[in-house]
2 protein chains.
Amino acid sequence: MIEVEVKGYADDKVFERVRESFRLIRKEYHEDTYYQHPCRDFSKTDEALRIRVRRFNGHFEAFLTYKGPKLDSVSKTREEIEVPIEDPDAHARILEALGFREVLTVEKVREKYYVEKGITLTLDEVEGLGKFVEIEALTDDREKVPELVEKLRGILLELGVTRFERRSYLELLLGKGG
Amino acid sequence: MIEVEVKGYADDKVFERVRESFRLIRKEYHEDTYYQHPCRDFSKTDEALRIRVRRFNGHFEAFLTYKGPKLDSVSKTREEIEVPIEDPDAHARILEALGFREVLTVEKVREKYYVEKGITLTLDEVEGLGKFVEIEALTDDREKVPELVEKLRGILLELGVTRFERRSYLELLLGKGG
């Protein structure tokens, strides 16, 4: 399965249009802590290691996620291995004992919306970065990717998005800090 | 809490005496896979990273465990951080993607016995190494450690143990392999 994602900058108006047009699936709070490898420069290898703590409807879930380098220069396709973890603090202590260092924590409020079968949209309010809208579709046909990207961009343009962004929130925050 | 452990080589007779003298708590099957750090030599730093898969009474449990260096030269006391994991295969894939390499897997059948309040004994049949008996007590009083060690050694001697061993099964297996 290939995940096709398009992300753009948003504002209050874009958020309003989304809230009026689509059905809310749920609202989540994310605390994503990213780690630097003890002897590999993830910013050069294009990898990431993250502990995500997710809260929604009174639930609490945590995940450890490894993201491999992007597989090509056009899409954001990459290997991703994600496992649920019960005790994120103890996991963080193990990572630190092994020499992994916390880079930073990305905090955001995420609203997830249903657009149509196979397409979801998220409104993200990211601490320190502002508002974003991201739209996502899944396909198992690699040849359909360019067409899908155009469709997703079209939906964002219609919602009033004028500026797109390929970089992750982590990259944006690191770029900001210098 | 300080964990005081004494381990010795055993044979069929020692196993029989234990089975006749103490109450079996449970029988477990362990598959312990040890990993080498991508840029640190654990055999020199005296650390270990392990995924343990434990089966007993039809149950299945898995843990990720970091063991820090021994804190002194006499006892086996060391920092240990252990977390339950749901999907040991996916965890192993994350470790490998991060550059950790499998060193070897220690397989054993463990029988756990109750000796008296605060003291447990285990019979281990370790694949490739043979039979061992280990006795363990907990105390929160550091000054009582030497006295406890003597008591535990005494119990093993009475059971017929003549040779003690401080090294871990991993160390013994690695020494064996060359």
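A, B, ... follow the sequence lines: proteins, then strands. Residue 1 opens every chain. Basis for what follows: all heavy atoms, side chains included, without hydrogens, waters or symmetry-related copies.
Both the backbone and the side chain of R93(A) have a heavy atom closer than 4.5 Å to some heavy atom of chain B. Looking at I85(A), only its side chain comes within 4.5 Å of chain B, counting heavy atoms on both sides. For chain B, the nearby part of L49(A) is the side chain; its heavy atoms alone come within less than 4.5 Å. Contacts between H91(A) and chain B at a heavy-atom distance below 4.5 Å involve backbone atoms as well as side-chain atoms.
Rounding to the nearest 0.5 Å places CD of E80(A) at 9.5 Å from CD1 of I94(B). Put simply, CD1 on I81(B) and CG on D89(A) are 11.5 Å apart, with the number rounded to the nearest 0.5 Å. Rounded to the nearest 0.5 angstrom, C39(B) SG and R40(A) CZ are separated by 9.0 Å.
Residue-environment remark: CD (E116(A)) exceeds the threshold of 12 foreign heavy atoms within 6.0 Å. Other residues, nucleotides and ligands contribute at most 12 non-hydrogen atoms within 6.0 Å of the OH atom of Y29(B). Other residues, nucleotides and ligands contribute over 12 non-hydrogen atoms within 6.0 Å of the NZ atom of K131(B). Environment of OH in Y114(A): crowded, with over 12 heavy atoms of neighbouring residues, nucleotides or ligands closer than 6.0 Å.
Hydrophobic clustering of Ile, Leu, Val, Met, Phe, Trp and Tyr side chains at less than 4.5 Å, counting indirect connections, keeps Y34(A) apart from F100(A). Hydrophobic clustering (ILVMFWY, side-chain heavy atoms < 4.5 Å, transitive): F15(B) and V115(B) are in one cluster. Following chains of ILVMFWY side-chain contacts shorter than 4.5 Å, one cannot reach V103(A) starting from V53(A), and the two form parts of different hydrophobic clusters.
With contacts defined as side-chain heavy-atom distances shorter than 4.5 Å, the pair L98(A)/F42(B) qualifies.
Contact between E86(A) and P84(B) at its shortest, heavy atoms only, is OE1-CG, 3.6 Å. Scanning all heavy atoms of the two residues, the minimum distance from P38(A) to H37(B) falls at CG-CE1, 3.7 Å.
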